[in-house]
Amino acid sequence: MVATRKQKLLRQHRRNKRIAMLMVFVALLVIGVTVSIWLVPLLLVLGWIAHEAWFADHLFYSPQEDYRYEFPPDVLQIGGRIEGSRLQLAGDVPEADTLILVVQLEATWLGYLRDPRVYIGGDRQDFERGVRGRRYLNLSGQQEAMRGGSLRFDSRYCRLGSEVKLYAMRNPDYTQRRVLIIAPHADDAELAAFGVYSHASEVAIVTLTQGEIEADNYRRLGLDSAAAARLKGRLRTWGSLAVPLWGGVSQQHCVQLGYYCLQLPAMETMPERVFGSRESSEADIRTVRVHNPLQLPGDRDGQPTWQNLQADLRTLLAHFRPEVVVTPHPELDPHADHVAATRALHQAIEEGEWKPATLLLYANHLHDNDRWPMGPAGCGIALPPAIEPLPADRLWSPALNAETRLDKAMALAMQHDLQVPLPLKKRLRRSIQRILAGRRWPATGDDEFFRKAVRRHELFWVRER
């Protein structure tokens, strides 16, 4: 149902864009004939600038739609109001590590040109231009200010409704449990959970794929397509094993399985068939396993098959014996490898001997909104769009201090895949948005993930098994 709705929205978006382009063409034709032909190129340039400033976001839902979240029945709910910029609750501030405030937002006219935002104490959380509807602010880490009555709310380019509801969620400190992180690609562990793994007492990271595709940037070194893909796979493999040391995770707790990008879904449909790389011409996963700290079933024949992946995951679960597994959210994160990775984990748990108690789910990508989390780096993470309701999961949103955020940014800077130079079109778009839309990008890196992932919070959906 969710996929059908999103495809419908995408078709509507494309249809509306074609209609708008046709109307613009007709208007320019009329102006060229009736006023002056020299106005046409000027108006084309101005129209392109306006498009880049305000209409280039990939937003496949209406900003006027409510987000729809449900939480488990044992999650505490407290009604309240925002009066005079302060939160007035109908009860005491509870003992909880994750606090989510449901609010109504409505953009002002400037909120169609600038990103609407809500200020919560020293935090800021941004929303869609033209927003009007129910949204979910993340107040995690603000408990002491709430109890002391010093937490202030303010908004810019939008109006904040007075009636609110607070959801308070209590979780164990998962960093004190044995943790296993499933990363479909090198950098997924850092993007989603650097703050968690850099503070965990016992943690292992398993990367499923080499990440070798889309390697055209390396052809500048005089390589053909296959050689460029092999080089990229080697570099990203190195990153998956070496970068976690920056967060305190030794190489003895990092495993690279070496399967191939965008082949996991196909492997699942035909478990016995070999699926080599689409671009590197390789079909032996052992080429990148030489630094793994233990022998795995797939090492015997090196074949990239679903059967080998399952045997590898069962062995790793039994070896590391995690109490908590961090893995992509199968309903929120649409990347094909991410969805298949979590399905592979579920199957390995069901068929293996070790059964972790808890899954922590993350979303490094979204179907609907390629800017989420919105706003600049260093700010909080409001909940992502949920136009169709998701499963009623509890949330865990640990706060990251400034030192951890800087370390996370530096960990991302070590990832070769996040250091590809921006194309000219994207650099021009950012310059236009900086001037006209007031957007800012961090100094730590040009890739969009430096803005989206280096935040005041990390965010996980909790599923107990």
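Nothing here was measured: the structure is a model prediction, and the numbers come from that model.
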*Show your working on side chain to side chain contact (heavy atoms under 4.5 Å, CB included) between Leu359 and Arg465 and close with a plain yes or no.*
CA-CA 7 Å; Leu359 300 183; Arg465 298 191 72 256; 4.2 Å; yes
*Grab the two heavy atoms, one from Tyr362 and one from Ile182, that are nearest each other, plus how far apart they are.*
OH-O, 2.9 Å
*Can you tell me how far CZ of Arg117 sits from CG of Asp154, rounded to the nearest 0.5 angstrom?*
11.0 Å
_Step-by-step side chain to side chain contact (heavy atoms under 4.5 Å, CB included) determination, Val196 to Trp396_ = CA-CA 11 Å; Val196 170; Trp396 182 50; 3.9 Å; yes
*Polar contact flag, side-chain donor to acceptor under 3.5 angstrom, Asn308-Asp301*: yes
*Rounded to the nearest 0.5 Å, what separation is found between the CG atom of Asp417 and the CG atom of Asp447?*
7.5 Å
*Is it true that Asp126 and Arg439 make a salt bridge, defined as a side-chain N closer than 4.0 Å to a carboxylate O?*
no
*Going by atom types only, do Asp407 and Thr404 share a side-chain donor-acceptor pair under 3.5 Å?*
no
*Does CG belonging to Asp74 count more than 12 external heavy atoms closer than 6.0 Å?*
yes
*If you round to the nearest 0.5 Å, how far is CG of Asp446 from CD of Gln419?*
8.0 Å
*Sidechain-backbone polar pair: Arg455 side chain, Pro373 backbone, donor-acceptor under 3.5 Å*: yes
*Please report the C-alpha distance between Leu406 and Met410 in whole Å, then the side-chain angles of each, then the deciding distance to 0.1 Å, and finally whether the side chain to side chain contact (heavy atoms under 4.5 Å, CB included) criterion is met.*
CA-CA 6 Å; Leu406 181 59; Met410 295 302 100; 4.2 Å; yes
*For the pair Phe194 and Tyr197, name the ring-plane relationship: parallel under 30°, tilted 30 to 60°, perpendicular over 60°.*
perpendicular
*Could you grab the distance from atom OG1 of Thr444 to atom CZ of Arg405, nearest 0.5 Å is fine?*
11.5 Å
*Within the distance-only criterion (no hydrogens, no angle test), does the side chain of Lys408 pair as donor or acceptor with the backbone N or O of Ala453 below 3.5 angstrom?*
yes
*Are Gln251 and Pro293 close enough that some pair of their side-chain heavy atoms sits under 4.5 Å apart?*
yes
*Just how far is it from atom CD of Gln310 to atom CG of Leu345, taken to the nearest 0.5 Å?*
9.0 Å
*asked:* If you compare all heavy atoms of Gln176 against all heavy atoms of His199, which two are closest, and at what distance to 0.1 Å?
replied: NE2-O, 4.2 Å
*Is a donor on one side and an acceptor on the other found under 3.5 Å between the side chain of Arg463 and the backbone of Trp461?*
no
*asked:* Under a 3.5 Å distance rule, please check whether Arg314 uses its side chain to pair with a backbone N or O of Glu353 as donor and acceptor.
replied: no
_Is the shortest side-chain heavy-atom distance between Asp57 and Gln433 below 4.5 Å?_
yes
*Is there a side-chain contact between Phe127 and Leu137 (heavy atoms, below 4.5 Å)?*
yes
*asked:* Under a 3.5 Å distance rule, please check whether Arg129 uses its side chain to pair with a backbone N or O of Ala437 as donor and acceptor.
replied: no
*Begin with the C-alpha distance, continue with both residues' side-chain angles, and end with the deciding distance and a verdict on side chain to side chain contact (heavy atoms under 4.5 Å, CB included) for Leu395 and Tyr167.*
CA-CA 10 Å; Leu395 300 176; Tyr167 287 94; over 6 Å; no
*Taking the six-membered ring for Trp, are His338 and His365 parallel (under 30°), tilted (30 to 60°) or perpendicular (over 60°)?*
perpendicular
*Considering all heavy atoms, the nearest Ser397-Thr98 contact*: N-OG1, 3.0 Å
*asked:* Testing the 3.5 Å rule here: is there a donor-acceptor pair between the side chains of Gln64 and Ser62?
replied: yes
_Neighbour count above 12 (heavy atom, 6.0 Å) for Glu272 CD_ = no
*Where Glu128 and Met374 come nearest, the two heavy atoms and their spacing*: N-SD, 3.7 Å
_Arg230 side chain to Ser280 backbone, donor-acceptor under 3.5 Å_ = yes
*Taking side chain as C-beta onward, heavy atoms only, is Pro172 less than 4.5 Å from Arg177?*
yes
*asked:* For a quick test of reading the model, state the closest non-hydrogen atom pair linking Val288 to Gly258 and the distance between them.
replied: CG2-CA, 3.4 Å
*Could you tell me whether Asp66 and Arg68 have a side-chain N and a carboxylate O separated by less than 4.0 Å?*
no
_Donor-acceptor pair, side chain of Lys355 and main chain of Glu350, under 3.5 angstrom_ = yes
*Mind checking whether Asp187 and Phe449 have side chains closer than 4.5 Å, heavy atoms only?*
no
_Distance alone, cut at 3.5 Å: any donor-acceptor contact between the side chains of Trp246 and Glu190?_
no
*Which of these passes side-chain contact (heavy atoms from CB on, under 4.5 Å) with Val164: Ile78, Val102, Ile82?*
Ile82
*Can you tell if the side chain of Asp188 reaches within under 4.5 Å of the side chain of Thr207, non-hydrogen atoms only?*
no
*Given side chains that start at C-beta, do those of His185 and His335 come closer than 4.5 Å, heavy atoms only?*
yes
_Shortest non-hydrogen contact from Leu316 toward Leu257_ = CD1-CD2, 4.0 Å
*Would you verify whether the NZ or CZ of Arg134 falls within 45 degrees of the ring axis of Tyr67 while also being under 6.0 Å from that six-membered ring's centre?*
no
*Between the main-chain N or O of Ile120 and the side-chain N or O of Gln142, is there a donor-acceptor pair closer than 3.5 Å?*
yes
*asked:* Tell me whether Glu214 is salt-bridged to Lys232, with the criterion being a basic N under 4.0 Å from an acidic carboxylate O.
replied: no
*Is it true that a side-chain atom of His291 and a backbone atom of Leu241 form a donor plus acceptor pair closer than 3.5 Å?*
no
_With heavy-atom distances below 4.5 Å as the criterion, would you say the side chains of Asp337 and Tyr259 are in contact?_
no
*Any salt bridge between Glu448 and Arg371, counting N to O under 4.0 Å?*
yes
*Under 3.5 Å, side chain of Arg147 to main-chain N/O of Pro94, donor-acceptor pair present?*
yes
*Hey, what do you get for CD (Gln307) to CG (Asp312), rounding to the nearest 0.5 Å?*
12.0 Å
